[in-house]
Amino acid sequence: MKIICIGRNYIDHAKELNHEVPTEPVFFIKPETAIPIGKLPFFYPDFSMEIHYEAELVLRVCRLGKNISEKFAMSYIDAISVGIDFTARDIQRKLSEKGLPWEAAKAFDGSAPVGHFKLFEDMELEKGINFHFELNGKTVQKANSKEMIFSFEQIIAHVSKYVTLKQGDYIFTGTPAGVGPVNIGDKLTAFLEGDKVLQVSVK
Ligand code: ZN
């Protein structure tokens with residue numbers, strides 16, 4: 001399985017990192033080893049001094065697809081949750097300045113915890129999907145899927161032009177504004193439509 005991540009999908013987050021607003025989705029991939037094993041905490045890696053949280057809606061792929069049209073895109077995902085795209089911001093900055101790939105900053109072990117999934121069939125999609133993220137009990141990120149620059153359908157259509165989606169793949173859909181550093185001892189909690197779906201402690 002693989003984890004596809006969309007970058008810069010909320011205008012306010014693109015602005016906070018001084019990025020241009022993209023005209024098509026930017027994506028990158030994390031390997032399966034980015035999913036933490038069992039219920040282990042997030043261990044702060046020794047190669048970075050600046051690990052940031054990025055809370056994101058995560059889509060679960062339910063069948064094989066390539067060159068998927070927007071019209072049929074929703075039939076390729078069956079569930080949604082919230083995950084954290086942990087990012088070594090200091091490394092990412094250095095690599096970006098040199099125009100190099102980001103993997104060392106994004107794809108490291110344990111960098112993609114994902115919460116419990118809710119089935120789309122149990123949700124109302126018309127009003128968009130709300131999620132929020134708490135750092136030590138304080139809300140630091142909050143958004144609705146309707147605020148995304150690229151919709152779920154546009155993301156699936158774009159990515160599947162290049163990469164075949166397979167059952168069990170995850171798609172991280174980008175983070176809203178409010179990203180920031182984590183420290184050892186922090187408690188991170190993600191909510192989907194007000195329900196707690198993920199809790200991670202930083203060790
Ligand atoms: Zn992200």
Side-chain angles (χ1 to χ4, degrees), residues 2-17 19-30 52-63 65 68-87 106 112-135 137-161 163 165 167-180 188-200:
K2 59 188 172 295
I3 304 155
I4 294 153
C5 301
I6 304 298
R8 305 175 196 177
N9 202 18
Y10 292 83
I11 289 172
D12 50 1
H13 172 64
K15 280 185 184 156
E16 81 180 344
L17 292 187
H19 289 142
E20 283 171 33
V21 175
T23 53
E24 59 177 31
V26 178
F27 71 94
F28 56 94
I29 289 180
K30 294 192 189 222
H52 276 200
Y53 60 80
E54 294 187 357
E56 314 193 2
L57 288 171
V58 179
L59 309 174
R60 186 174 71 189
V61 175
C62 59
R63 61 191 177 108
I68 300 164
S69 68
E70 283 182 33
K71 194 176 156 194
F72 298 115
M74 290 304 285
S75 68
Y76 287 82
I77 51 176
D78 68 343
I80 187 161
S81 188
V82 183
I84 305 170
D85 168 18
F86 279 119
T87 303
K106 286 282 197 182
V114 176
H116 292 291
F117 280 91
K118 286 191 180 194
L119 294 173
F120 279 114
E121 62 188 33
D122 297 332
M123 304 184 80
E124 282 183 54
L125 295 178
E126 299 77 40
K127 290 179 185 163
I129 294 169
N130 292 297
F131 69 105
H132 74 277
F133 179 74
E134 292 180 359
L135 174 66
K138 184 173 167 268
T139 299
V140 287
Q141 291 192 282
K142 189 178 193 328
N144 180 284
S145 58
K146 293 222 158 161
E147 296 159 19
M148 300 193 313
I149 300 169
F150 302 105
S151 65
F152 299 154
E153 290 92 334
Q154 288 173 309
I155 290 169
I156 290 164
H158 180 77
V159 171
S160 70
K161 264 193 258 177
V163 181
L165 299 183
Q167 185 177 15
D169 288 349
Y170 292 160
I171 304 174
F172 277 61
T173 57
T175 196
V179 302
L188 317 175
T189 318
F191 297 81
L192 183 65
E193 294 292 358
D195 296 332
K196 191 200 285 186
V197 290
L198 176 67
Q199 186 152 37
V200 177

Colleague: Who passes side chain to side chain donor-acceptor pair (under 3.5 Å) against Glu134, sequence neighbours left out?
Modeller: none

Colleague: Looking at NZ of Lys161 and CD1 of Ile156, how far apart are the two atoms once the value is rounded to the nearest 0.5 Å?
Modeller: 14.0 Å

Colleague: Can you find a pair of side-chain heavy atoms, one from Val58 and one from Val82, that are under 4.5 Å apart?
Modeller: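 They are not in contact (no side-chain heavy atoms under 4.5 Å apart), so the answer is no.
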
Colleague: If you take all heavy atoms of Glu56 and Ile6, which pair is closest and at what distance?
Modeller: OE1-O, 4.2 Å

Colleague: Would you sort out whether Val159 and Ile171 count as a side-chain contact (heavy atoms from CB on, under 4.5 Å), showing the intermediate values?
Modeller: CA-CA 10 Å; Val159 171; Ile171 304 174; 5.8 Å; no

Colleague: Identify the two heavy atoms, one from Val179 and one from Thr175, that lie closest to each other, and give their separation to 0.1 Å.
Modeller: CG1-CG2, 3.6 Å

Colleague: State yes or no: are the ring centers of Phe131 and Phe191 separated by less than 6.0 Å?
Modeller: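 Ring centres of Phe191 and Phe131 not closer than 6.0 Å.
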
Colleague: Please enumerate all residues that pass side chain to side chain donor-acceptor pair (under 3.5 Å) together with Lys30, with sequence neighbours excluded.
Modeller: Asp85, Ser111

Colleague: Answer yes or no: is there a side-chain heavy-atom contact under 4.5 Å between Glu193 and Met123?
Modeller: yes

Colleague: Would you say Ile149 and Pro22 make side-chain contact, with heavy atoms under 4.5 Å?
Modeller: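 Result yes, sub-4.5 Å side-chain heavy-atom pair found.
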
Colleague: Would you say that His158 contacts Phe150 through its side chain, given a criterion of any heavy-atom pair below 4.5 Å between the two side chains?
Modeller: no

Colleague: Glu54: which residues meet the salt bridge (charged side-chain N to carboxylate O under 4.0 Å, His left out) condition with it, sequence neighbours left out?
Modeller: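 Result, salt bridge (charged side-chain N to carboxylate O under 4.0 Å, His left out) vs Glu54: Arg89, Lys106.
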
Colleague: Any chance the rings of Tyr170 and Phe117 have centres within less than 6.0 Å?
Modeller: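 Yes; Phe117 has its ring centre under 6.0 Å from that of Tyr170.
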
Colleague: How long is the straight-line distance from CG of Asp78 back to CG of Leu59, given to the nearest 0.5 Å?
Modeller: 10.0 Å

Colleague: Could you pull out all residues at least two apart from Phe152 that satisfy ring pair (Phe, Tyr, Trp, His ring centres under 6.0 Å)?
Modeller: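 If we apply the ring pair (Phe, Tyr, Trp, His ring centres under 6.0 Å) test to Phe152, skipping adjacent residues, there are no hits.
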
Colleague: Is there a donor-acceptor contact under 3.5 Å from the side chain of Arg63 to the main chain of Ser75?
Modeller: yes

Colleague: Please name all residues satisfying ring pair (Phe, Tyr, Trp, His ring centres under 6.0 Å) with Phe172, sequence neighbours left out, ordered by chain then number.
Modeller: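 So Phe172 forms no ring pair (Phe, Tyr, Trp, His ring centres under 6.0 Å) with any residue.
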
Colleague: Ile68 and Ala73: which non-hydrogen atoms are nearest, and at how many Å?
Modeller: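 Smallest heavy-atom distance, with atoms named: CG2-CA, 3.7 Å.
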
Colleague: Starting at SG of Cys62, measure out to CG of Asp169 and round the result to the nearest 0.5 Å.
Modeller: 11.0 Å

Colleague: Just do the side-chain contact (heavy atoms from CB on, under 4.5 Å) check on Tyr53 and Leu135 with the steps written out, would you?
Modeller: CA-CA 9 Å; Tyr53 60 80; Leu135 174 66; 4.1 Å; yes

Colleague: Nearest 0.5 Å please: distance from the CD atom of Glu70 over to the OG atom of Ser160.
Modeller: 10.0 Å

Colleague: Enter the distance from Met148:CE to Gln154:CD here, rounded to the nearest 0.5 Å.
Modeller: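 It is 8.5 Å, given to the nearest 0.5 Å.
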
Colleague: Which heavy atom in Ala79 sits nearest to a heavy atom in Phe120, and how many Å separate them?
Modeller: N-CD1, 3.4 Å

Colleague: Taking NZ, NE, NH1 and NH2 as the nitrogens, is one of them in Asp195 or Lys118 under 4.0 Å from a carboxylate oxygen of the other?
Modeller: yes

Colleague: I'd like to check Ile129 versus Asn144 (side-chain heavy atoms, cut-off strictly below 4.5 Å). Are they in contact?
Modeller: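 Result no, sub-4.5 Å side-chain heavy-atom pair not found.
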
Colleague: Nearest heavy-atom pair of Ser145 and Leu57: which atoms, and what distance?
Modeller: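 Minimum heavy-atom contact is CB-CD1, 3.7 Å.
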
Colleague: Does some side-chain heavy atom of Met74 sit less than 4.5 Å from a side-chain heavy atom of Leu125?
Modeller: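 Leu125 vs Met74: side chains touch.
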
Colleague: With the side chain counted from C-beta on, respond yes when Thr189 and Leu198 share a heavy-atom pair under 4.5 Å apart, and no when they do not.
Modeller: no

Colleague: Is Thr87 reaching over with its side chain to a backbone N or O of His52, donor-acceptor style, under 3.5 angstrom?
Modeller: no

Colleague: Quick check against the 3.5 Å criterion: does Asn9 have a side-chain atom that pairs as donor or acceptor with the backbone of Thr173?
Modeller: yes

Colleague: I'd like to know if the side chain of Lys142 reaches the main chain of Pro176, judged simply by a donor and an acceptor atom lying under 3.5 Å from each other, with no hydrogens or angles considered.
Modeller: no

Colleague: Which residues pass the side chain to side chain donor-acceptor pair (under 3.5 Å) test with Ser69, sequence neighbours left out?
Modeller: none

Colleague: On a heavy-atom basis, which atom in Val61 and which in Ile77 lie closest, and how many Å separate them?
Modeller: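 So the two residues come closest at CA-CG2, 4.2 Å.
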
